[in-house]
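Here the structure is laid out as C-alpha cells; the discussion comes afterwards.
On a predicted model such as this, the values are computed, not experimentally measured, just so you know.
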Amino acid sequence: VQLQASGGGLAQPGGSLRLSCTASGFRLNSYAIGWFRQAPGKEREWVSCISSKDGNIAYPGSVKGRFTGSRDNAKNTAYLQMNSLKPEDTAVYYCAVYIAYSECYGGPYNAGHFGAWGQGTQVTVSS
C-alpha cells in the first residue's frame, strides 16, 4: 500500500511540469492527498494538500499561485501542476495520504501526519 509520484524532470526557470501520484493497493477517493518536497540537506517541506471531498486545496506561500493540486478519483490519481518554476523548486517530490483527516484546511502540514509514502520524483529547475 503506497503512492508513487512520477512526472519529474528537468525544466527551465519559468517553465512547467505536471506531476502525477498513483496509488497501488487501495483507493484514493477517501483520503486527502499531500504533496511534499525535499531538497538535499533540507527537511521535507509541504507544498499542497488536496481534500478528499470538499474541493479545498491548501498551499504554503512559497508555491501559492504557481502550483495547482488536483485529483481524478476515477483514475485513482492526484496531480500537481507546477508553473513559473524557480531554481529553488529543485527537489525530490513525494505524495502521501493524510492520516489525520479527510479534508485540508490552512496549513502548514507536518509530514509525520501522512503515510503510504513511495518513491519520489526528481524535479530539477535549471537553465
Contact list for residues 45-62, test salt bridge (charged side-chain N to carboxylate O under 4.0 Å, His left out), sequence neighbours left out: R37-E45
Residue pairs passing the ring-ring contact (aromatic ring centres under 6.0 Å, His included) test where at least one lies in residues 49-80, sequence neighbours excluded: none
Can you give the donor-acceptor pairs under 3.5 Å from side chains of residues 1-9 to other protein atoms, not counting sequence neighbours?
residue, atom, partner, partner atom, Å
Q4, NE2, Q119, O, 3.2

Non-hydrogen side-chain atoms of N76 and R27 separated by less than 4.5 Å: yes
Minimum-distance pair of heavy atoms, taken over all atoms of S48 and P60: N-CD, 4.4 Å
Listed partners of Y31 passing ring pair (Phe, Tyr, Trp, His ring centres under 6.0 Å), at least two apart: F26
Residues that T124 engages under side-chain hydrogen bond (donor to acceptor under 3.5 Å, both in side chains), provided they are two or more places apart: Q122
Gap separating the CD1 atom of I33 from the CG atom of L28, nearest 0.5 angstrom: 4.5 Å
Nearest heavy atoms of S127 and P13, plus distance in Å: N-CD, 3.7 Å
Heavy-atom donor-acceptor pair, N83 side chain to S16 backbone, under 3.5 Å: no
Contact summary for S30 and S102, nearest pair of heavy atoms: O-CB, 3.7 Å
Pairs where residues 118-127 contributes a residue and the test salt bridge (charged side-chain N to carboxylate O under 4.0 Å, His left out) is met, not counting sequence neighbours: none
Side-chain cluster (under 4.5 Å, hydrophobic types only) that L10 belongs to, other residues: none
Test applied, ring-ring contact (aromatic ring centres under 6.0 Å, His included); reference residue, F114; option that passes from Y101, F36, W35: F36
Test side-chain contact (heavy atoms from CB on, under 4.5 Å) applied to L17 - qualifying residues, sequence neighbours left out: A11, M82, L85, V123
Pairs where residues 43-77 contributes a residue and the test disulfide bond (SG atoms under 2.5 Å apart) is met, not counting sequence neighbours: C49-C104
Sidechain-backbone polar pair: T90 side chain, E88 backbone, donor-acceptor under 3.5 Å: no
Residue pairs passing the salt bridge (charged side-chain N to carboxylate O under 4.0 Å, His left out) test where at least one lies in residues 63-74, sequence neighbours excluded: R66-D89
Spatial distance of atom OG (S70) from atom CD1 (I57) [nearest 0.5 Å]: 6.5 Å
Spatial distance of atom OG1 (T68) from atom CZ (R18) [nearest 0.5 Å]: 11.0 Å
Partner set under ring pair (Phe, Tyr, Trp, His ring centres under 6.0 Å) for Y109, not counting sequence neighbours: W46, Y98
S52 side chain near E103 side chain, heavy-atom distance below 4.5 Å: yes
Nonpolar side-chain network containing I99, other nodes, edges under 4.5 Å: none
Gap separating the CD1 atom of I50 from the SG atom of C21, nearest 0.5 angstrom: 8.0 Å
Any donor-acceptor N/O pair, R44 side chain to G112 backbone, under 3.5 Å: no
